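The structure appears right after this line, and notes come after that.
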2 protein chains.
Amino acid sequence: MAGRPVDHQRRAELLDAVVDYTVEHGFSDLSWRPVAAALGVSTTTLVHRFGTKEQMLVAILARLRERIFAATSETLGEHPDLATAARAAWTRTSAPQREAEFRLFFAVYGRALQAPEQFAGFLDRVVADWMNALRDAQGPGTDPQTATRTATLVIATIRGLLLDLLATGDRERVQDAAETFLATLPRRP
Amino acid sequence: MAGRPVDHQRRAELLDAVVDYTVEHGFSDLSWRPVAAALGVSTTTLVHRFGTKEQMLVAILARLRERIFAATSETLGEHPDLATAARAAWTRTSAPQREAEFRLFFAVYGRALQAPEQFAGFLDRVVADWMNALRDAQGPGTDPQTATRTATLVIATIRGLLLDLLATGDRERVQDAAETFLATLPRRP
DNA sequence: ACATTTATAGTACGACCGTACAAAGAATGG
DNA sequence: CCATTCTTTGTACGGTCGTACTATAAATGT
């Protein structure tokens, strides 16, 4: 009655490989054939796993979001106050090893801004992930509105500084500005 | 000896029309034919004016940068201190009328981050424009390094907040965070 | 008027795109 | 063993892409 079972792990493997490829080769003119060639499979295999190209793009977005958030959130809950948590977040995101990943992130983000219905949920989720993490980093006694306000500001500033860093490569100037900002955050509740 | 003169104004007209089209229809899958159809000209006309597609993209970037910077810089030199200048900049950039323009801006920016050599100079210039304007907004007696640091931070924060606003549409929350940030800026030299 | 250069349009060509289709191998349950 | 389902591949089709080529109209200087 039941035939060969669906190999879900295989899809996950391929997705991760596709994300790796995308991080390296960019997102703007991604197509089946070069990706398949790079992975050593046929285009049909990719189509079989992801359905349509748009569905693959959505899958890439989701996986990329997972990766980026996982890499930063694991160190976000271990800090006593917002200042050190924000510093840890900044150190993580501005690390040179993750530069390519964040270049892709902003490319995807910008594209999602122009096609919100196509990538519905992605933008909201990316903000929500960080919001929750940074709200928790503040003391439990903090006024909710203040916590939201501060978290919004921290996320925006880190993201804006990262954008500057990726665009100019002037690490010294950007780091200097980051220090100034981090110094304004509350250090002990 | 000399034939018909080159009509440079025509190129400028077409470029502005193309930028208008791009603001509305997005940047990611722009191609000659739909643009030409929308403008009521042939693709050959566009090719004749811009050369190759890549050259047209570069032209779009340059014009978009001009537009955005012109719209905000005109009110940036008239303020007594940094706080009011930054507030004016934020009010301008976060205005709902310019939303589509900034969506395109971030899409272009993100793409330029992944193909820096293709859009060489664009990223540096976009930062430099604002840097100069915001450095001048601070008093002439300000320490240069402090001025650079503050300008970097203001630009990054505004850009990050704008990114959040465009992604979530939660104007109240973002505006709240913006007020918090603006309140930290020096108000009188 | 005439030669010369630009402006615009129509057409055509090769390349790549997404994806549908058919066929063959592999893994399951009965 | 066998039927069934999944996996992978090769191939083919229609469409769009960028752009080169050709021809005609318009605007200049002599």
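Side chains are part of it too, since the values below use all heavy atoms of this structure and drop only hydrogens, waters and symmetry mates. Given the structure is predicted, the values throughout are model-derived calculations rather than measurements. Within every chain, numbering begins at 1; the chains are lettered A, B, ... in the order of the sequence lines, protein sequences first and strands thereafter.
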*Rounded to whole angstrom units, what separation is found between the CG atom of L46(A) and the C1' atom of dC17(C)?*
14 Å
*Indicate whether OP1 or OP2 belonging to dA7(C) is found under 4.0 Å from a side-chain N or O atom of H48(B).*
yes
*What is the distance from CG of L30(A) to P of dC16(C), rounded to the nearest Å?*
16 Å
*With the side chain of R49(B) defined as its heavy atoms from C-beta on, choose the nearest nucleotide among dT8(C), dT6(C), dG25(C).*
dT8(C)
*Using only side-chain N and O atoms of W32(B), determine if any of them is under 4.0 Å from OP1 or OP2 of dC17(D).*
no
_Separation of atom NZ in K53(B) from atom P in dT16(D), rounded to whole Å_ = 15 Å
Distance-only donor-acceptor pairs under 3.5 Å for side chains of residues 124-132 of chain B, two or more places apart:
from    : atom 1 : to      : atom 2 : distance (Å)
D129(B) : OD2    : R65(B)  : NH1    : 2.8
N132(B) : OD1    : R135(B) : NH2    : 3.4
N132(B) : ND2    : A128(B) : O      : 3.3

*asked:* Can you tell me how the ring of Y21(B) sits relative to the ring of H25(B), calling it parallel under 30°, perpendicular over 60° and tilted otherwise?
replied: parallel
*From the options dT6(C), dA12(D), dG18(D), select the nucleotide whose nearest atom is closest to the side chain of V6(B).*
dT6(C)
*What is the distance, rounded to the nearest whole Å, between atom CG of D29(B) and atom C1' of dG18(D)?*
15 Å
*Rounded to the Å, how far apart are D7(A) CG and dT28(C) C1'?*
13 Å
_Whole-Å gap separating P (dT8(C)) and CG (L39(B))_ = 12 Å
*Ring-face cation of R159(B) near F105(B) (centre distance under 6.0 Å, axis angle within 45°)*: no
*Rounded to the nearest Å, what distance is computed from the CZ atom of residue R10(A) to the C1' atom of nucleotide dA26(C)?*
14 Å
_Which nucleotide wins on minimum distance to the side chain of R4(B), given the candidates dA27(D), dT19(D), dG29(C)?_
dA27(D)
_Between P of dC6(D) and CD of Q9(A), the distance in whole Å_ = 18 Å
*Which residue lies more 5' along DNA chain D, comparing P5(B) with T43(B) via nearest heavy atoms*: T43(B)
*Just checking S31(A): base, sugar-phosphate only, or nothing, at a heavy-atom cut-off of under 4.0 Å?*
sugar-phosphate
_Closest approach to the side chain of R33(A), judged atom by atom: which nucleotide of dT8(C), dT19(C), dT9(D) is it?_
dT19(C)
*Using the test side-chain contact (heavy atoms from CB on, under 4.5 Å), find all partners of D170(A) that sit at least two apart in sequence or belong to another chain.*
T168(A), E172(A), R173(A)
*From dG10(D), dC6(D), dA27(D), pick the nucleotide closest to the side chain of T44(A)?*
dG10(D)
*Below 4.0 angstrom, N of the basic side chain to O of the carboxylate: do R87(B) and E179(B) qualify?*
yes
